[in-house]
Amino acid sequence: MKEKSLVQGRRLEDLEARLASELDKAESNAEKEKADADALVAIYRADAEAAQVQCRSRRETLEKIHARGFNLAEEIIRAKELEADAEALDFDDDDDDNDDDDGSKSGSKNGGEPDGEETAPGDNQET
């Protein structure tokens, strides 16, 4: 019976040692995982703060522009008008290439003189 008790005691000590080893490994892995997670959180926080600073800076810049009386909406509208005018001129040039059989351009579609000079609307009227 004494031998049986000693064998069981050794088995118990062996099991306790293996459990302690497994516990140490699990704790070590948990610490590594926590460190990795903390590093990711720090990266995301830094990115979020940088984005917030960038947005704040952009807003402040727009507020400064607005405070100086600049109206960017008008500039955008003007740019769109110029773009439309440029497209219209490009379209007119394509049409003019096919107007005359001899290949010459008359310039009448865009208000220009045959020699390439432009005239204002109403300049061709006789008084």
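Quick note: residue numbers are just sequence positions, from 1.
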Legend entry - Transitive ILVMFWY cluster of Y44, excluding itself - 4.5 Å side-chain cut-off: L40
Legend entry - Other residues, nucleotides, ligands: >12 heavy atoms within 6.0 Å of E3 CD: no
Inset, instruction - List in chain and number order the residues that pass salt bridge (Lys or Arg N to Asp or Glu O under 4.0 Å) with E81, two or more places apart in sequence or in another chain; answer none if no residue qualifies. - result: R78
Side-chain donor-acceptor pairs under 3.5 Å in residues 6-24, sequence neighbours left out?
none

Inset, instruction - Can you sort out the partners of K34 under side chain to side chain donor-acceptor pair (under 3.5 Å), two or more places apart, ordered by chain and number? - result: D38
Can you give me every donor-acceptor pair (side chain of residues 53-64, partner residue at least two apart or in another chain, under 3.5 Å) with its distance?
residue, atom, partner, partner atom, Å
R59, NH1, E63, OE1, 3.3
R59, NH1, E63, OE2, 3.1
T61, OG1, S57, O, 2.9

